[in-house]
Structure formats: structure tokens, C-alpha cells
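Input: a single structure, listed below in C-alpha cells.
Numbers for residues simply follow the sequence, beginning at 1.
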Amino acid sequence: MWPPGRPGLALPLPLLLLPLLPAPRPAARFHPTWESLDARRLPAWFDQAKVGVFVHWGVFSVPGFGSEWFWWYWQQEKIPKFVDFMKNNYPPDFKYGDFGPLFTAKFFNASQWADIFQASGAKYVVLTSKHHEGKWKLTRIKVTCLHGFSYDGTGFTLWGSEYSWNWNAVDEGPKRDIVKELELAVRNRTNLRFGLYYSLFEWFHPLFLKDKFSSFHKRQFPVSKTLPELYELVNKYRPEVVWSDGDGGAPDAYWNSTGFLAWLYNESPVRDTVVTNDRWGDGTICKHGGYYTCSDRYNPGHLLPHKWENCMTIDKFSWGYRRDAGISDYLTIEELVKQLVETVSCGGNLLMNIGPTRDGTISAVFEERLRQMGTWLKVNGEAIYETHTWRSQNDTITPDVWYTSKPKENLVYAMFLKWPTSGQLFLGQPKATPGATEVRGNLIFIVPLNC
């Protein structure tokens, strides 16, 4: 259109020819069904990473006795050793909520933690943002009626959740945003991916118990607590691992897991890189989700057709810190490396767990194991990181020899933990090229792929 008052001129216009370019393909849209969600390709970084660190830390670290399930064993199951522990160490009227102010995180140094994780050789870290523990109390400020009582019930979160009023690390105990501090340290100081664990249910939350009483036909708890916190976590901290746990016997439809995952894969700020596990409701484990965990400490010893993770503990008996643990309760570095080698050879990732103390220190035995793993990986990481499974996972002649491969580089790695006393290592699976086999370090036997 010409400016007003200006006569139009009939001038020849040059013809601009543009090549016809294909329209950009829109990103795949995932529907809130398991058929659609399970078809999503797992981001490549996760399979390449192989090694992660799990951190179980929360109010359960204050008693630091027996297990991170301390409250359940003490109050619900009333296991004698937990009941006796409380009788012998705390006043008769002491409640679990009284542990909150004692969760001080006084010596928590996120930068120091991040440096230890980097030294371990891990490529991702997963922090428990909220465990199964919830607290409820009478209140005059936030009132919801349940069977005639007013309550404020919620699970302790390591960030200042808007949906965990007065029972989170910003309002109680540390008075710090633990999740944010660790997220920034990990992303600013290391090359690790940052992930978060989140428990869907809470043992004693009144809304969850009310929903459970209705056989989960009512959904007050996930609508008012679980789902808002999941969205809040992802939007605020952009975790690249969302590690769900604790369905409380409720099906995935109760949690609206497929609806949340569809949003996570389609619209969230981490939609292109996030990975998820398989704990999204009763019946989903080892069946639906991004990668499978199947059970705690899952190590099948054979190849699986789906990507999986061995989430396991350096403390053989607990995920959380235990004051009553003895040195023999911890895996040796030899046992830990054996777990890694077996896991990776069968197509899994190893997520090795530590439990910090209530004041935020990583105890010497956990730090030592992590640093020892890092030292081993500096020598032998070539056979772990970015590898693939081979046609045989372990050897048929010599026990405890496990294989990985790099097909593009025409390599097979045979990993063994002890050199035979005979001075000779016999391998039944590789067909090596004479003069082209190489031994590096003490543990890795490298064979050109010729089979």
C-alpha cells in the first residue's frame, strides 16, 4: 500500500525466486497414554553416562538409625529396636516433627559436595527432594476438615515448596533452599547432569489416607500436593532426571502420571533432555516409563531389551545415613566396581547411593568410596563411558570377566577384577587378532573386534 496522497507508479518489479524449503518438522507430541509415552526415545546422554550418584538426605538423617524408613518402623510397625531407640534417647512426648529443627545442615557446602561428585567419575546426580515422610499437626492457620479435625499435613521438602507449608528446608531446620544450592553448584562447577528424586505419596498425610480409604476413587492428595509440587520442581530447578518413587499402592491413573509425563516431554523446560524412571503408580515398575529400575538394587546379571538402572546403596542396609553402621556394612571399592562392571556389561547404569549426616557432611567412608571409584574410572573409564553391550555379556571360560564394546571403533573390552594366579588369562568369547591385543592398567583387557 502506498502512503496517502502519493500516486501509484506502475513499475516493473523484479521477480525473486526462493528455493522451496521443507517446512520445519514440529517436535513429536506425546499423548497422555503409556503407548505414546513409552515410544519416546530416551535422550542419548543417559545411556552414555553409565554412572550416577544418588543422595538420600532429609529429616530421617537426624535420628540416623536403622533406616530412612525410621518413622514408619517406629510409629507404624513399632519394631522394638526403633521403639527402644526413642525411649532411650528422647523424651516420652517427642514427636517425629521435633526432628525438623534438628535437621540443621550446618556444615552443608554445596560446592564441596559437587567437587566430590565430580571426583567420583559420575555423570549425573540425583537428590531426594522429598521422601515418604509427611507431618501433620493441628493448626489455626491452615484449616482443612478431615473426620472432624483440622490439620496441616505435608511431606518435608528440601526446597521452599508452596505446597509444603512450614515443613520444608526453607522454613524449618536449615532455613536454606538446599535444592537450589546444589543445583547451582553442580551446574557451575561440574559436567554432571542434575536430577531430583520425588516421592509421590506420604505415609501419614491425612489427604492421602482419606483417598486410600476411598480405594483411590478420591484424588485430593495428588491434586492438591503431589502434582503441584512436581510442576514446581521442574519449572524452578530444571532437573534432567525426574526420579519418581513411592506410589503407596495407588495406580498411575490416581497420580495422573501420564498427564504429567506428557507435559514433561512436550512443554516443560527440560523436554528435550529429561529422563524418567518407571515408578509412576502401582503396576508401572519395569513396564512403563523412560528407563526401568524394576526394584531397589536391581542387578539381573543378563542383558535386558530395555534401558535400565541399578540404583543401589554403598551402605548395604540403608539409603539414609546410619549412626549405627559398622565398617563391614559398607561395600568395599572392589565390590562397588564389580557392581559397576556387571551392570554396564548388561546394558544398565549404576546409581550409587550415599547418605549425608544431619549437619550436611558426607562421611569419610562415603567420600572415600566415591573418590576410589573416580580413580578407577580415570584408568578404565574408556571401557565404561559411551560403550555398548556386546554379543556376550560375560565369558564362558573364565568367571567374573565382563564385556563392553565400541562397534564404531572396532573394539571389545574385557573387564576383570583379579589377574589369575597362573599369570595367564583365558578368554572364551573374543576372537582376537594376533599381535593386536593390548592390556591397559590392571583391570582392562582390550581386544580388537574381529568376530
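Nearest heavy atom pair, residue Lys218 against residue Ser214, reads N-OG, 3.0 Å. Among all heavy-atom pairs drawn from Leu233 and Pro239, the shortest one is O-CD, 3.7 Å. Counting all heavy atoms, side chain and backbone alike, Pro356 lies closest to Ile354 at CD-O, 3.7 Å.
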- Message: Before you tell me yes or no, could you show the steps for Leu350 and Lys50 under side-chain contact (heavy atoms from CB on, under 4.5 Å), namely the whole-Å CA-CA distance, both residues' side-chain angles and the distance that decides it to 0.1 Å?
- Response: CA-CA 6 Å; Leu350 187 75; Lys50 307 301 184 187; over 6 Å; no

- Are Thr343 and Asn349 close enough, and set up right, to give a side-chain contact (heavy atoms from CB on, under 4.5 Å), and what steps lead you there? CA-CA 6 Å; Thr343 297; Asn349 281 17; 5.6 Å; no

- Go through the steps for Ser61 and Thr357 under the test side-chain contact (heavy atoms from CB on, under 4.5 Å), then give the verdict. CA-CA 6 Å; Ser61 306; Thr357 66; over 6 Å; no

- Task: Evaluate side chain to side chain donor-acceptor pair (under 3.5 Å) for Thr313 paired with Asp315, printing each intermediate quantity in order.
- Result: CA-CA 5 Å; Thr313 57; Asp315 177 345; 5.8 Å; no

- Please lay out, stage by stage, how Glu77 and Phe82 fare under the test side-chain contact (heavy atoms from CB on, under 4.5 Å). CA-CA 9 Å; Glu77 297 193 8; Phe82 291 90; over 6 Å; no

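Ring centers of His306 and Tyr291: at least 6.0 Å apart, outside the cut-off. A ring-centre distance under 6.0 Å is found for Trp243 and Tyr197. You'll find the ring centres of Phe204 and Trp72 inside the 6.0 Å limit. The six-membered or imidazole ring of Phe117 lies away from that of Tyr124, with a centre-to-centre distance of 6.0 Å or more.
Trp113 meets the ring pair (Phe, Tyr, Trp, His ring centres under 6.0 Å) test with Trp57, Phe108; sequence neighbours excluded. With sequence neighbours left out, the ring pair (Phe, Tyr, Trp, His ring centres under 6.0 Å) criterion links Trp263 to Tyr231, Phe260. Among residues two or more places apart in sequence or in another chain, the salt bridge (charged side-chain N to carboxylate O under 4.0 Å, His left out) test is passed with Asp84 by none. Every residue two or more places apart in sequence or in another chain that forms a ring pair (Phe, Tyr, Trp, His ring centres under 6.0 Å) with Tyr330 is listed here: Phe366. The ring pair (Phe, Tyr, Trp, His ring centres under 6.0 Å) test applied to Tyr90 returns Phe94, Phe99, not counting sequence neighbours.
Taking the side chain as every heavy atom from C-beta outward, Asp400 and Lys338 approach each other to under 4.5 Å. Side-chain contact between Tyr403 and Asp395: present, with at least one pair of heavy atoms (C-beta onward) separated by less than 4.5 Å. Put simply, the side chain of Trp402 does not reach to within 4.5 Å of the side chain of Val344, judged on heavy atoms. Between Asn277 and Trp280, some side-chain heavy-atom pair lies under the 4.5 Å cut-off. In this structure, the side chains of His302 and Leu304 come closer than 4.5 Å at one or more pairs of heavy atoms. In this structure, Asn299 and Gln339 have side chains that are in contact, with non-hydrogen atoms separated by less than 4.5 Å. No side-chain heavy atom of Pro222 sits less than 4.5 Å from a side-chain heavy atom of Phe216. With a 4.5 Å cut-off on side-chain heavy atoms, Val241 and Glu309 do not count as touching.
In this structure a side-chain-to-backbone donor-acceptor pair under 3.5 Å is missing from Asp252 to Ser257. Side chain of Thr157 to backbone of Trp159: a donor-acceptor contact under 3.5 angstrom is found. When atom types are taken as modelled, the side chain of Lys236 and the backbone of Val234 share no donor-acceptor pair closer than 3.5 angstrom. In terms of modelled atom types and a separation under 3.5 Å, the side chain of Lys316 and the main chain of Ser328 share a donor-acceptor contact. Side chain of His31 to main chain of Thr33: no donor-acceptor pair is present (N/O by atom type, distance under 3.5 Å, no hydrogens or angles). Under the 3.5 Å distance criterion, the side-chain polar atoms of Gln118 are left unmatched by any main-chain donor or acceptor of Thr190. Asp329 contributes a side-chain N or O that, together with a main-chain N or O of Gly326, makes up a donor-acceptor pair within less than 3.5 Å. Checking side-chain atoms of Ser199 against main-chain N and O of Phe201 turns up a donor-acceptor pair under 3.5 Å. Of the possible polar contacts, none joining the Arg193 side chain to the Lys123 backbone as a donor-acceptor pair under 3.5 Å is found. Side-chain atoms of Lys180 never come within 3.5 Å of backbone atoms of Tyr237 as a donor-acceptor pair (strictly under, hydrogens ignored).
The one candidate from Leu230, Asp282, Asp247, Thr284 that meets the side chain to side chain contact (heavy atoms under 4.5 Å, CB included) condition with Trp255 is Asp247. Each of Tyr96, Phe60, Phe156 was checked for a ring pair (Phe, Tyr, Trp, His ring centres under 6.0 Å) with Trp71, and the lone residue meeting it is Tyr96.
Within the structure, the disulfide (SG to SG under 2.5 Å) test picks out the following pairs touching residues 205-299 (sequence neighbours left out): Cys286-Cys294.
A salt bridge links Arg279 with Asp245: at least one charged nitrogen is closer than 4.0 Å to a carboxylate oxygen. Arg29 and Glu267 are joined by a salt bridge, as a carboxylate oxygen and a charged side-chain nitrogen come within less than 4.0 angstrom of each other. Ion pairing between a basic and an acidic side chain is recognised when a charged N comes within 4.0 Å of a carboxylate O; Glu382 and Lys406 show no such pairing.
Interatomic distance, Lys225 NZ to Glu202 CD, rounded to the nearest 0.5 Å: 4.0 Å. Taken to the nearest 0.5 Å, the CG atom of Leu158 stands 5.5 Å off from the CZ atom of Phe103. Atoms OH and CZ, on Tyr254 and Arg219 in that order, are 7.5 Å from each other to the nearest 0.5 Å. Annotation: the span from Thr226 atom OG1 to His205 atom NE2 amounts to 8.0 Å, rounded to 0.5 Å. The CG atom of Leu264 sits 10.5 Å away from the CZ atom of Arg271 when rounded to the nearest 0.5 Å. In this structure, CG on Leu417 lies 8.5 Å from CD on Glu334, to the nearest 0.5 angstrom.
In this structure, a donor-acceptor pair under 3.5 Å is present between the side chains of Gln429 and Arg391.
Taking the ring centre of Phe221 as origin, the terminal cationic atom of Lys212 falls outside the region bounded by 6.0 Å and 45° from the ring axis.
Heavy atoms of other residues, nucleotides or ligands lying less than 6.0 angstrom from NZ of Lys175 number more than 12.
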